[in-house]
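Bear in mind the structure is a predicted one, so any value in this text is a computation, not a measurement. Only heavy atoms go into these numbers, but all of them, side chains included; no hydrogens, no water, no symmetry mates.
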Amino acid sequence: MFRSFLLLVTVILATSGRGACLCRQDQSAALIRLKASFHFNTTSSNCPQFSSEEIILSSWKVDTDCCTWERVTCDGTSSYVTDLELSNLCIFGNLSSSEIFKLTSLRFLSLAYNMFDASPWPSFGFEKLTDLKHLDLSYSGLSGDVPLEKGKLSNLVTLDLSGLDLKYLSLETLIDNLGSLQQLHLDQVNISVSSPASVPAHFPENSSLEVLSLSGALTVGTFPSWIFHIKSLVSLDISGSENLYGELPEFIQGSALNVLILRGTMFSGKIPETIGNLRNLTRLDLSYCQFHGPIPSFAQWPMIYSVDLSSNDLSGSLPSDGYHTLRNLTKVDLSCNRISGVIPASLFSHPSLEYLDLRQNNLTGNFLLYPNISSNLASIDVSSNNLQGPIPKSLSELVGIRSLDLSSNNFTGTVDLSFLKNCKQLDYLSISYNKLSVVDDGNNTYREYPIISWLELASCNLSHVPMFLMNQSITILDLSNNNIGGHIPDWIWGIGGPSGYSLDLSHNLFTSVDKNLSRRSVIDDTVDLDLHSNKIEGAIPLPPLATFGFLDYSDNRFDSSMPEFWSRISYVDYLSLANNSLSGELSHFICNATDIEVLDLSFNNFSGLIPPCLLKDNERLEILNLRGNNFHGSLPQEVRMESVLQIIDLNGNKLEGKLPASIIHCGMLQVLDLGNNLIVDTYPEWLGVLPILKVLVLKSNRFHGPIDYYGMNKQTHSFFPELQVLDLSSNSFNGSLPTWFLKQFKAMMVVSSGAPSMYVGIVGTPPALAPNSRPDYKDSVTVTLKGQETTLVQILSLFMSLDLSNNNFEGIIPKEIGDLKLLKGLNLSRNSFTGEIPPRIANMLQMESLDLSYNQLSGEIPPAMVVMSFLEVLNLSYNHLSGMIPQSSQFLTFPNTSFLGNNGLCGKPQTRPCEPNQAPSAAPTQGSSKALNWEILSVEVGIISGLAVVVVTTLLWGNGRRWVYWHVDKFWLQVLQRWICRH
């Protein structure tokens with residue numbers, strides 16, 4: 001009996017084993033030929049898994065069973081090859097072989113993650129692969145000519161073409177031709193979409209599609225709305241397709257959709273109420289789109305676990321109930337919207353909620369927590385709202401909390417940091433910028449506190465450094481804007497974490513630092529150190545500085561040249577000693593700072609020569625600011641080739657000599673400010689070859705001579721293509737103002753398509769730094785604007801200014817100056833210009849400040865200037881102007897001082913009345929030099945007139961006023977919100 005059993009087992013094994021699985025000879029031969037047609041690039045950095053070509057598909061050998069080969073699977077009964085998995089094999093070159101199509105029993109084929117040339121896929125043979133159900137060509141490098149016409153591959157169930165160029169295919173055609181398809185992956189593809197009204201004949205009713213992914217696709221156009229109505233569709237992800245437009249349709253009953261991700265697209269409009277029909281929804285992500293209107297109620301989706309509607313324009317209040325029915329809800333992100341009202345206290349009691357982000361909204365009221373706070377809450381962010389009242393003591397019951405951000409609200413009262421003792425998992429805490437007074441117990445129980453890596457207590461009325469920090473391992477510590485005085489504790493240098501330490505003690509009352517800091521009390525990877533705006537005096541005995549990445553000692557009162565300091569800065573990345581009383585010569589040890597990227601020593605009393613090594617030897621220096629010191633002598637004449645300098649600010653020193661011609665090596669230079677020095681040179685037209693120079697300030701030096709090219713070929717060079725601010729004032733330039741000089745400033749004529757301009761905003765009110773970010777350098781430039789010097793700080797906006805005042809220019813003002821339409825400030829005062837004010841100056845509709853005073857201009861004030869509605873400051877005084885001052889628009893707001901010294905002018909605000917028969921402005925005749933240039937102004941006036949008609953009509957029509965206000969407010973709020981939330 002037992003022997004019979006063994007015999008039976010042997011027969012079964014023999015028939016079902018090697019004998020039954022022996023590969024068919026024709027298919028084995030096809031595979032051998034296919035391998036021979038491949039080329040393998042094992043030297044590519046994308047192929048670290050292979051050391052040589054020989055080990056790739058090494059089991060593929062003649063006269064062996066192909067069913068045992070790697071990457072090959074056979075049917076156990078028929079011995080046909082059914083699966084061929086050739087992904088990530090470093091294959092490159094053309095896919096010219098047709099041997100794949102001889103494997104007619106293939107059900108699965110993958111050529112993904114290889115390096116095929118973008119040559120056409122063979123157009124024949126697909127009709128033979130009738131059994132193919134799974135095809136993966138993702139990131140294979142193949143071109144978009146994959147022949148997927150109707151009738152071919154009709155049995156495909158899954159198709160992945162991610163990362164390919166499919167510009168010759170349309171999404172609708174692809175779905176329509178593959179009627180049995182259940183999963184379609186087109187991530188990061190280039191594919192077209194047809195008209196949104198173009199609905200395939202058999203869709204969506206007969207579709208089997210369950211998963212559609214277009215994440216990161218380069219598709220441009222409107223997403224087909226009918227796809228939302230495919231009843232079988234379970235998951236739709238088009239996130240990151242930033243050029244894909246659309247609106248959510250009215251959703252139908254019975255939809256199977258449970259994942260809907262539109263993050264980072266151009267979808268807009270309201271979220272329809274019928275989204276509640278998606279009863280199977282588990283994940284909804286509509287973040288970083290342009291939706292507006294109210295927030296849908298979460299209670300409509302009983303299976304939901306994640307809701308992300310952040311960075312839109314949603315308004316209204318938060319849903320107040322229904323949270324208790326959502327047993328799976330773990331994440332709610334509604335940040336960066338316009339949500340108002342109170343935060344329902346029940347939200348914090350939700351049993352499964354872990355992540356709640358409500359920052360950057362308009363939420364008001366008190367921050368209330370029910371006694372039964374969820375122990376699963378791990379992250380809460382309600383920063384940048386208008387919440388008020390005390391911070392609840394029940395925060396100590398958040399025993400599972402890891403991240404808590406309550407900053408930038410209106411919370412009041414006292415916060416005792418001892419509440420942290422119960423929050424053992426806490427890693428990030430920020431309660432900065434409220435109206436709180438923070439205290440700690442001050443005893444030796446600091447070991448009971450959690451180990452926090454990120455702590456922000458800025459502007460918390462602290463009077464001392466909290467003692468519990470002695471037992472910390474900090475990565476980021478912000479105690480700025482408090483009232484902490486006296487000696488900086490020695491132990492604070494040794495609490496940094498192993499990966500770096502950022503310490504901000506700025507804007508306090510510290511007076512001293514330990515003079516004998518031991519090496520063991522200093523961490524090895526310090527990143528940021530900010531002590532500016534304190535009262536520290538004398539020489540600064542710093543921790544060893546070879547490890548510091550960012551240093552800022554600005555606004556202190558140091559009175560030493562600190563030679564020991566300079567000897568320790570070998571690996572400094574960012575160094576600011578601005579706004580101090582440092583004196584003496586700049587030590588040659590600064591040359592040791594070979595890794596420095598930002599050097600700001602502005603507004604001190606340094607003297608002597610500027611070390612040549614700063615411009616000659618430093619490979620990484622991007623920003624050099626020595627403004628407001630007493631440096632003298634010539635500028636360093638050698639600037640290294642391929643310099644990465646972006647800002648050079650040497651304003652307000654005593655520098656002499658000529659500009660170094662080697663500055664043209666600074667191809668990345670954006671700001672060059674050499675104003676208020678003693679430089680003697682002619683007009684440096686050669687600086688115009690710097691491709692992205694935006695600010696050039698040469699004011700108050702000893703430049704002289706006419707504006708000329710001095711031998712430069714103006715036919716072959718494009719000069720100053722990006723210049724926004726030019727200040728040549730208070731020099732000795734003479735001669736006429738050439739027409740070509742004005743025509744070269746293209747950025748002042750049209751909005752640049754490149755990076756946003758840099759300067760706007762008065763210094764003293766800089767934009768807030770983005771939360772959780774390293775401080776970025778903010779340079780400034782001083783311009784004469786609206787009759788007074790104004791310092792502007794570097795932010796993303798638009799500012800254009802041209803100042804040629806206080807020179808010896810003569811001749812007429814070229815009419816081409818009117819083409820600089822984007823100028824906000826123009827100052828030609830204190831020269832010897834003659835002739836009339838060119839009427840084309842009225843084209844400068846953005847102008848806010850215009851100064852033509854102290855010249856020899858004559859004739860009338862151009863009547864067309866009344867359209868300059870943004871003009872706030874006008875100075876035409878001390879010329880030879882005559883006629884009636886325009887009696888309308890902005891001119892009625894200007895004071896008498898704007899027109900003094902022009903004996904021929906009459907009319908308000910002058911005291912001299914006009915003659916009764918003197919017209920406000922004579923009707924211009926054709927060809928008259930005083931004629932209004934209607935040809936130039938026609939477009940602007942037409943636009944303004946047309947806009948006025950629309951606005952007036954709208955305001956007179958029912959609720960038109962509300963409509964206009966609503967749309968204007970909506971636009972600007974949307975711009976501001978998106979800038980903050982995306983940066």
Side-chain angles (χ1 to χ4, degrees), residues 529 539-540 542 544-554 558 560-578 580 582-675 677-679 681 684 687 690 693 777 779:
L529 178 60
I540 303 301
L542 296 171
L545 298 181
T547 55
F548 286 176
F550 167 79
L551 296 171
D552 190 341
Y553 283 79
S554 58
F558 307 150
S560 164
S561 59
M562 301 188 303
E564 184 178 358
F565 170 87
W566 297 115
S567 67
R568 294 175 171 178
I569 61 174
S570 301
Y571 301 105
V572 175
D573 289 334
Y574 184 122
L575 174 63
S576 174
L577 299 172
N580 287 290
L582 291 167
S583 59
E585 295 188 3
L586 193 56
S587 170
H588 67 278
F589 285 112
I590 188 66
C591 298
N592 294 336
T594 54
D595 288 332
I596 199 165
E597 296 178 1
V598 176
L599 177 62
D600 187 354
L601 305 179
S602 60
F603 300 106
N604 280 284
N605 295 313
F606 284 113
S607 58
L609 304 177
I610 296 176
C613 64
L614 286 177
L615 299 178
K616 179 182 177 182
D617 299 329
N618 198 295
E619 298 181 2
R620 301 179 58 186
L621 188 62
E622 297 179 1
I623 296 171
L624 175 63
N625 190 350
L626 304 180
R627 185 186 188 97
N629 281 281
N630 295 309
F631 290 108
H632 64 264
S634 298
L635 282 165
Q637 293 298 303
E638 293 188 56
V639 179
R640 68 175 293 109
M641 296 290 291
E642 299 181 355
S643 169
V644 296
L645 275 164
Q646 299 176 24
I647 296 174
I648 300 177
D649 190 346
L650 306 178
N651 191 304
N653 284 280
K654 299 176 182 179
L655 300 171
E656 305 170 349
K658 289 188 175 184
L659 296 183
S662 55
I663 289 181
I664 62 173
H665 296 158
C666 302
M668 300 178 66
L669 194 64
Q670 299 186 50
V671 177
L672 178 60
D673 190 344
L674 303 175
N677 280 285
L678 304 173
I679 300 172
D681 208 339
L687 287 174
L690 296 175
L693 186 66
Y777 185 80
D779 191 38

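Shortest non-hydrogen contact noted between Asn604 and Ser602 is ND2-O, 3.2 Å. When every heavy atom of Pro612 is checked against every heavy atom of Pro636, the shortest pair comes out as CA-CB, 4.0 Å. When all heavy atoms are compared, the tightest approach of Asn677 to Leu674 is ND2-O, 3.1 Å.
Under the 4.5 Å side-chain criterion, counting only non-hydrogen atoms from C-beta, Leu693 is in contact with Leu672. Side-chain contact between Ile623 and Asp600: absent, with no pair of heavy atoms (C-beta onward) separated by less than 4.5 Å. Residues Leu615 and Leu624 have side chains in contact (heavy-atom distance under 4.5 Å, counting atoms from C-beta outward).
Judged purely by atom type and a 3.5 angstrom limit, Asp649 uses its side chain to pair as donor or acceptor with the backbone of Asn651. Side-chain N or O atoms of Asn630 include none that pairs as donor or acceptor with a backbone N or O of His632 at under 3.5 Å.
Taking CE of Met668 as the reference point, atom CD of Gln670 lies at 8.0 Å (rounded to 0.5 Å). Distance check, rounded to the nearest 0.5 Å: CD1 of Ile647 to CD of Glu622 gives 9.5 Å. Interatomic distance, Glu619 CD to Leu621 CG, rounded to the nearest 0.5 Å: 11.5 Å. The CD atom of Glu656 lies 10.0 Å from the CG atom of Leu635; values are rounded to the nearest 0.5 Å.
Residues satisfying the side-chain contact (heavy atoms from CB on, under 4.5 Å) criterion with Phe631, sequence neighbours excluded, are Leu586, Phe606, Ile610, Leu626, Asn629, Asn653, Leu655. Taking the side-chain contact (heavy atoms from CB on, under 4.5 Å) definition, one finds that Asp617 meets it with Cys613, sequence neighbours left out. Every residue two or more places apart in sequence or in another chain that forms a side-chain contact (heavy atoms from CB on, under 4.5 Å) with Lys616 is listed here: Glu638.
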query = Is there a side chain to side chain contact (heavy atoms under 4.5 Å, CB included) between Gln646 and Val671 once you walk through the steps?
reply = CA-CA 6 Å; Gln646 299 176 24; Val671 177; over 6 Å; no

Ignoring hydrogens and angles, write down the donor-acceptor pairs under 3.5 Å from the side chains of residues 658-667, residues two or more places apart or on other chains.
residue : atom : partner : partner atom : Å
Ser662  : OG   : Gln637  : O            : 2.7
Ser662  : OG   : Val639  : N            : 3.1
His665  : ND1  : Val639  : O            : 3.0
His665  : ND1  : Ser662  : O            : 3.4

